[in-house]
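This report refers to the structure that appears directly beneath it.
Just so you know, these numbers use all the heavy atoms, side chains as well, and skip hydrogens, waters and symmetry mates.
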Protein chains: 2
Amino acid sequence: MPAKKVHDVCEVKSIDAKKVKRVKKEMLSDDEVGRLSETFRVLADSTRTKIIYALSGEELCVCDISNVLGMSISAVSHQLRVLRNMRLVKFRKEAKMVFYSLDDEHITTLFNEGLKHVRE
Amino acid sequence: MPAKKVHDVCEVKSIDAKKVKRVKKEMLSDDEVGRLSETFRVLADSTRTKIIYALSGEELCVCDISNVLGMSISAVSHQLRVLRNMRLVKFRKEAKMVFYSLDDEHITTLFNEGLKHVRE
DNA sequence: TGAACACTTGAGCAACTGTTCAAATATAAC
DNA sequence: GTTATATTTGAACAGTTGCTCAAGTGTTCA
């Protein structure tokens, strides 16, 4: 069997081979593309959006965030873990409570840029 | 049966009721939150990321984009529809071909802000 | 010690997303 | 008309995501 080719991919060079080559050469690296979409993906969920906005003013404990959003502690905690893994929030423990706050001003800039866009 | 309450939500006011009230009042509207996460969501996929970047230099037809990305025409076309629905790209038909180009400079700004972030 | 509290975590599940495949549409050339 | 090319579209399918529920950790206080 010959090396199977995906039929759906246009293989003709009739289009604009030079253009394709040039654009291909200037394409972002896989690493950049991956980190870029990962970055946007954390911001692309409404629960996380609300958490980030809530924390943009002041630090809050998990229970407070849960109250502000009207969501279960568990759901909030799961999302806080995502934000923690992405290093977007930091936390500090005080007795039984855990206080979260923002930990990445680049993301804040990006977030505000997005906010500006939807409010345009 | 009495009105069922979600048990998991912390209902005690022992935390910081005033803080919660204040943050709640300043919270983004549902509409803003929705549009914000929708905006970030379009950018949160690597195929769409690549398409946007490819189009940031010059207009390209579907076949060229497919060649640049090394993906099937169909997959590219599906994603172009998403970008079209979000008004992020525009297109022009020329004979059998369809040329796409960017159509939203706000998104370009947001995209570049994201790029700056991952390249920091 | 044990109960209460604040939070985290894992499993399970429904909803969503991106891709493939096959079929459809549209335009051009014969 | 038929054929070829460029693109779109719908269905199906696998993979991912975000929530709930229940059980777990760790700290405080009696």
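- Look at NZ on K50(B): it is 13 Å from C1' on dG18(C), rounded to the nearest Å.
- One can place CZ of R41(B) at 18 Å from P of dT16(D), the figure rounded to the nearest angstrom.
- Looking only at side-chain heavy atoms (C-beta outward), L80(B) and V98(B) stay at 4.5 Å or farther from each other.
- Heavy-atom minimum distance, L60(B) versus I65(B): CB-CG1, 3.8 Å.
- Within 6.0 Å of CG in N85(A) there are more than 12 heavy atoms belonging to other residues, nucleotides or ligands.
- At a cut-off of 3.5 angstrom, counting only N and O atoms as typed in the model, there is no donor on one side facing an acceptor on the other between the side-chain of S74(B) and the base of dT7(D).
- Listed by residue number, A95(A), K96(A) are the residues of residues 89-104 of chain A with a heavy-atom contact under 4.0 Å to DNA chain D.
- Listed in residue order, the members of residues 78-85 of chain B having a heavy atom less than 4.0 Å from DNA chain C are H78(B), Q79(B).
- Heavy-atom contacts from other residues, nucleotides or ligands closer than 6.0 Å to CZ of R119(B) number more than 12.
- Contact annotation: S72(A) side-chain N/O to dT20(D) OP1/OP2 distance is under 4.0 Å.
- The backbone N or O of R35(B) lies less than 3.5 Å from a partner atom in the side chain of T39(B), making a donor-acceptor pair.
- In this structure, R48(A) places its CZ atom 8 Å from C1' of dG18(D), rounding to the nearest Å.
- Ring geometry for F40(A) versus F111(B): interplanar angle under 30°, hence parallel rather than tilted (30 to 60°).
- Under the side-chain contact (heavy atoms from CB on, under 4.5 Å) rule, R48(A) has a single partner from L83(A), V76(A), L88(A), which is L83(A).
- Less than 4.0 Å separates DNA chain D from at least one heavy atom of each of the following residues of residues 52-62 of chain B: C61(B), V62(B).
- As rounded to whole Å, 18 Å separates atom P of dG10(D) from atom CD1 of I73(B).
- At least one side-chain heavy atom of C63(B) sits less than 4.5 Å from a side-chain heavy atom of N67(B).
- Of the residues in residues 21-28 of chain B, none lies under 4.0 Å from DNA chain D by heavy-atom distance.
- Checking dG18(D), dC19(D), dT8(D) against the side-chain heavy atoms of D45(A) singles out dG18(D) as nearest.
- The two atoms that bring D64(A) and D16(B) nearest to each other are OD1-N, 3.7 Å, heavy atoms only.
- In this structure, M71(A) atom CE and dC21(D) atom C1' are separated by 14 Å, rounded to whole Å.
- Taking atom CE of residue M86(B) and atom P of nucleotide dT17(C), one finds them 12 Å apart after rounding to whole Å.
- Heavy atoms of other residues, nucleotides or ligands lying less than 6.0 angstrom from CG of D31(B) number more than 12.
- The pair K116(A)-E113(A) counts as a salt bridge, with a side-chain nitrogen and a carboxylate oxygen less than 4.0 angstrom apart.
- A donor-acceptor contact shorter than 3.5 Å links the side chain of S56(B) to the backbone of Y53(B).
- Taking 4.5 Å as the limit, every side-chain heavy atom of M71(B) sits out of range of all side-chain heavy atoms of Q79(B).
- Per the geometry, CD1 belonging to I65(B) stands 14 Å off P belonging to dA6(D), to the nearest Å.
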Which pairs of donor and acceptor atoms, one on a side chain in residues 102-110 of chain A, lie under 3.5 Å apart (sequence neighbours left out)?
residue, atom, partner, partner atom, Å
D104(A), OD1, H106(A), N, 2.9
D104(A), OD1, I107(A), N, 3.1
H106(A), ND1, E120(B), OE1, 3.4
T108(A), OG1, D104(A), O, 3.1
T109(A), OG1, E105(A), O, 2.9

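- Checking each of R92(A), R84(A), K90(A) against Y100(A) for a side chain to side chain donor-acceptor pair (under 3.5 Å) leaves exactly one that passes, namely R84(A).
- Summary for the helix from dT1(C)-dA30(D) to dC30(C)-dG1(D): the axes at its two ends, each from 5 pairs, differ by 10° when rounded to the nearest 10 degrees.
- Note: CZ (F40(A)) to C1' (dG18(C)) measures 19 Å, nearest angstrom.
- Counting all heavy atoms, side chain and backbone alike, A44(A) lies closest to R41(B) at O-NH1, 3.0 Å.
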